[in-house]
Amino acid sequence: MGSKKKETALQVNISTQELWEEMLSSKGLTVVDVYQGWCGPCKPVVSLFQKMRIEVGLDLLHFALAEADCLDVLEKYRGRCEPTFLFYAGGELVALVRGANAPLLQKTIREQLQAEKRVLAEGRERRVIKDEALSDEDECFSHEKEDGDDEDAVSSEKACTLAVIKPDAVAHGKTDEIIMKIQEAGFDILTNEERTMTEAEMQLFYQHRAGEEAFEQLVHHMCSGPSRLLILTRTEGTEDVVTAWQTLMGPCDPDVARREQPDSLRAQYGTEMPFNAVHGSRDSEDARRELALLFPSFKFSDQVPEAPLVVRSRVCFPRTQHFFWALETESWV
């Protein structure tokens, strides 16, 4: 009973439009756990929220619960079992996290809280995003729009790359560990999606390897189950994001990786070719090619590779699935 009281005090239950409007007017950052009545709120994150509230104090950080069926504004979240956490500041949506990803939640809370403190103290402009579930547009991933940009366009000020956590790593339950290591290595995950690839997609994806003996095995493996897809950027270190991701992955062959780079992801999570856990791009041109194939509505800037990435946000995120993607390509796996 005591833990129930703590949980209630920690997360305010928003059950009416009036309470929703009151939440939007709160000063500071509010993290809203959007849940379905039939499955309830996300219990595993409560201890994290308690820790974060002790760490940063009570003045500017708030937590709330909102059942999707009770609020019209959350109508498009209904019937989706994946936890969704919406971050509001100044009445605006500033971030979101899908899935009970504790490291990502913690990182996002810290980053958004610091951003809001700068807004309040220095008058900086608040960065606002749009989520397809709260808009009438068919968008699933969005960043702040620049003045004069196409209404569907989304831009990133940093170079991006594609990362794929392959079906073998996903099937062995290693997704969360790999994501944590990616974040610890200094990468930012911009968005995520779970997808089971089709044979047609993978044949095109790996068409430059169509003459190789292992081509059919590779295609079959990539279609054998869901993959986690991540869009990565990098804010730490001097390496570009493509090179940094290749380094973290290690050599394609897990046996070689274990000999030459035992701390790499493929050394730790790969078994044998082509079951080497992760995929990444060889260079920026491969990243463009793969992105164009898998996300045809995405559009790179026409500038040189160092220029900001401009994409069209038409990527859907099924709430019943939660794997991650990123913009990068590699030799053949």
Within the 4.5 Å heavy-atom criterion, are [X] and [Y] side-chain neighbours or not?
| X | Y | answer |
| --- | --- | --- |
| Ile189 | Leu232 | yes |
| Val242 | Asp286 | no |
| Met180 | Asp176 | no |
| Leu60 | Leu120 | yes |

Can you tell me how far [atom2] of [Y] sits from [atom1] of [X], rounded to the nearest 0.5 angstrom?
| X | Y | atom1 | atom2 | value |
| --- | --- | --- | --- | --- |
| Asp240 | Arg234 | CG | CZ | 9.0 Å |
| Leu19 | Cys70 | CG | SG | 10.5 Å |
| Lys43 | Asp33 | NZ | CG | 9.5 Å |
| Thr243 | Leu248 | OG1 | CG | 12.5 Å |
| Leu104 | Ile182 | CG | CD1 | 11.5 Å |
| Glu216 | Arg209 | CD | CZ | 15.0 Å |

Quick one: do [X] and [Y] end up in the same hydrophobic cluster if we chain Ile, Leu, Val, Met, Phe, Trp and Tyr together by side-chain heavy atoms under 4.5 Å apart?
| X | Y | result |
| --- | --- | --- |
| Phe275 | Met197 | no |
| Val119 | Leu93 | no |
| Leu48 | Phe87 | yes |
| Val73 | Leu24 | yes |

What are the two closest non-hydrogen atoms of [X] and [Y], and how far apart are they?
| X | Y | value |
| --- | --- | --- |
| Gln261 | Thr247 | NE2-O, 3.2 Å |
| Thr196 | Cys223 | CG2-O, 4.0 Å |
| Ser227 | Pro167 | OG-CD, 3.2 Å |
| Thr271 | Asp255 | O-OD1, 4.1 Å |
| Arg126 | Ala89 | CD-O, 3.2 Å |
| Leu71 | Gln17 | CD2-N, 3.7 Å |

Would you say [X]'s side chain and [Y]'s backbone share a donor-acceptor pair under 3.5 angstrom?
| X | Y | answer |
| --- | --- | --- |
| Gln217 | Pro274 | no |
| Gln11 | Ala66 | no |
| Arg258 | Gly270 | yes |
| Asp188 | Thr233 | no |
| Glu177 | Lys174 | no |
| Arg127 | Ala95 | no |
| His62 | Lys27 | yes |
| Arg289 | Phe205 | yes |
| Arg53 | Leu10 | yes |
| Gln207 | Gln203 | no |

(message) The test is side chain to side chain contact (heavy atoms under 4.5 Å, CB included); show your working for Asn276 and Cys252 and say whether it passes.
(response) CA-CA 7 Å; Asn276 61 354; Cys252 290; 4.3 Å; yes
(request) Could you pull out all residues at least two apart from Arg124 that satisfy side-chain hydrogen bond (donor to acceptor under 3.5 Å, both in side chains)? (result) Glu122
(request) Decide side chain to side chain donor-acceptor pair (under 3.5 Å) for Glu116 and Gln112; before the verdict, give the C-alpha distance in whole Å, the side-chain angles of both, and the deciding distance to 0.1 Å. (result) CA-CA 6 Å; Glu116 184 62 14; Gln112 293 302 324; over 6 Å; no
(message) Classify the ring geometry of Tyr88 against Trp20: parallel below 30°, tilted from 30° to 60°, perpendicular beyond 60°.
(response) perpendicular
(request) Pick out which of His172, Met249, Lys181, Lys166 makes a side-chain contact (heavy atoms from CB on, under 4.5 Å) with Tyr269. (result) Lys181
(request) Assess whether atom CD of Glu22 is packed by more than 12 heavy atoms of other residues, nucleotides or ligands within 6.0 Å. (result) no
(message) Would you say that more than 12 heavy atoms from the other residues, nucleotides or ligands in this model lie under 6.0 Å from the CD of Glu55, or not?
(response) yes
(message) side chain to side chain contact (heavy atoms under 4.5 Å, CB included), that's the test. Do Leu29 and Val94 meet it? Break it down for me.
(response) CA-CA 9 Å; Leu29 179 70; Val94 295; 4.1 Å; yes
(request) Just do the side chain to side chain contact (heavy atoms under 4.5 Å, CB included) check on Phe63 and Val45 with the steps written out, would you? (result) CA-CA 11 Å; Phe63 299 99; Val45 302; over 6 Å; no
(request) Would you please test Val164 and Val278 for side chain to side chain contact (heavy atoms under 4.5 Å, CB included) and show each step? (result) CA-CA 5 Å; Val164 180; Val278 290; over 6 Å; no
